[in-house]
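So you know, we letter chains A, B, ... as the sequences are listed, proteins then strands, and number each from 1.
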Amino acid sequence: YFSSSALLRANSGEPPKFQPPPKPVIIDKSKVVVERRFLSPEFIPPRGRKDPLKYYIERIDMIRRRKVLNIPEFYVGSILSVTTADPYASDKTSRFVGICIQRGGKGLGATFVLRNVIEGQGVEFCYEIYNPRIQEIKVLKLEKRLDDNLMYLRDALTEYSTFDVNMKPVPYSPNDEIPVNQLKVKMKPKPWSKRWERPYFNIQGIHFELPEEIMEEAQKLSQPWIKFDMLREYNTSELEKKIWNEVNEKLKK
Amino acid sequence: MRLSLAAAIYHGRVHRRLGLGPRSRLDMLRNLVTALVRHERIEAPWARADEMRFYAERLIDYGKRGDADEQAMRMADFWLTEKDLIHKLFKLLAPRFQSYSGNYTRLLQIPNRENLDRAKMAVIEYKGNPFPPLIVVHRDNEKTLLNQLLKGYREDILKTRATQVPEEAPASLYTGTAV
């Protein structure tokens with residue numbers, strides 16, 4: 001490694017003057033919390049002719065619920081554990097761990113679907129985020145995948161959907177960027193529930209081993225003009241900023 | 001999101017169905033947009049002009065981003081089939097509409113087409129074009145009796161104001177020049 005005293009010796013024949021090493025600058029990142037602007041997708045109202053008052057009222061209720069229950073930031077592809085109230089269980093709670101394959105709905109009806117394979121049987125649970133029966137949502141592993149919708153895991157090999165029910169939460173600091181898992185999933189033999197090779201689904205996360213004729217047939221159905229159709233664009237950046245400010249102010253109170 | 005929907009559009013859908021299919025519709029609108037950028041005022045069937053209006057305005061928004069923006073260049077390259085118009089869009093139309101925030105076009109209905117189909121026609125133009133204006137504001141003829149009487153009444157009032165003002169000058173706050 002670089003030693004400053006060696007340079008001093010090289011400059012002149014005299015014995016080097018003692019220079020104390022530079023003091024290390026400690027940046028304590030655990031204390032400096034970089035505020036990452038994550039607005040949950042259910043806050044952003046969809047395109048339409050509905051009165052924005054409806055979404056405003058829903059947002060007030062959503063913020064009231066969030067003050068009681070901490071709903072963490074998560075994405076499609078992260079592994080969550082959810083405990084809900086169950087009147088027929090012995091300890092009145094039921095816990096489910098799974099990978100989030102889909103986040104749907106806007107406003108108070110927003111849902112997320114968790115998938116896991118338990119004792120060889122694939123199980124999917126669709127939870128409503130603002131359901132008062134939910135007692136705890138914990139993120140065991142926060143990560144993103146290559147797609148927004150992992151419904152193809154139903155037709156993938158079961159090893160890709162099995163997650164240990166008692167897995168330990170993976171530590172994660174709020175300063176890091178969310179890791180994107182570049183995993184390409186191997187599928188069971190066809191037939192599948194949907195034709196995932198078609199460009200309509202725009203799936204990046206499958207390792208296709210289909211013959212080339214089928215892939216070419218699928219590409220014939222691609223519509224390359226859609227990305228130039230300006231009417232389909234929905235720019236939410238300004239809306240997001242306003243809603244972010246509004247939500248943050250209310251949550252801090 | 002358009003607030004005025006034709007009867008053929010239902011359940012909140014915003015695309016009209018023109019031509020042979022979605023690709024044909026886009027190609028047709030692309031031709032119309034190219035013609036509009038070239039001539040700055042065109043006549044077309046009302047439905048096509050109404051559909052084209054949104055794309056023409058969005059194209060100007062992309063043009064305002066500047067030609068250094070890759071996405072803007074790709075859009076302009078797709079929408080303008082005649083490539084000399086790309087230069088016109090970025091260098092002429094975008095600076096012209098810098099002060100406007102929206103509504104760069106004007107759509108006005110025209111008498112129906114003379115053909116057998118009697119189609120509902122419209123003229124669509126970019127604002128600020130060099131042609132004479134489409135809506136000419138006509139002032140009433142000054143030589144009619146009523147207008148002559150009103151003109152005389154107006155002149156009388158101004159005269160009386162001019163004579164009254166020097167009398168009231170020390171008392172009033174009015175310090176303007178006499179007419």
Inset, instruction - Report, as yes or no, whether the 6.0 Å neighbourhood of atom CG on B:Leu20 holds more than 12 heavy atoms from other residues, nucleotides or ligands. - result: no
Legend entry - Residue B:Arg113 excluded, over 12 heavy atoms near CZ under 6.0 Å: yes
Inset, instruction - Pick whichever of B:Tyr62, B:Trp79, B:Tyr55 has the most heavy-atom pairs under 4.5 Å with chain A. - result: B:Tyr55
Inset, instruction - Could you tell me which portion of B:Leu59 (side chain, backbone, both or neither) has an atom closer than 4.5 angstrom to a non-hydrogen atom of chain A? - result: both
Legend entry - Non-hydrogen atoms of A:Glu233 and B:Met75 that approach each other most closely: OE2-CE, 3.3 Å
Legend entry - Gap between atom CZ of B:Arg25 and atom CG of A:Asp229 - 0.5 Å precision: 5.5 Å
Legend entry - Minimum heavy-atom distance between A:Phe228 and B:Arg74, given as atom pair plus value: CE2-O, 3.8 Å
Legend entry - Greater than 12 external heavy atoms within 6.0 Å of A:Glu212's CD: no
Inset, instruction - Tell me, yes or no, whether the heavy-atom count around B:Lys159 atom NZ, taken from other residues, nucleotides or ligands under 6.0 Å, exceeds 12. - result: no
Legend entry - Residue pair A:Met230, B:Asp61: steps toward the side-chain contact (heavy atoms from CB on, under 4.5 Å) verdict: CA-CA 11 Å; A:Met230 301 188 248; B:Asp61 282 326; over 6 Å; no
Legend entry - OH (A:Tyr56) with more than 12 external heavy atoms under 6.0 Å: no
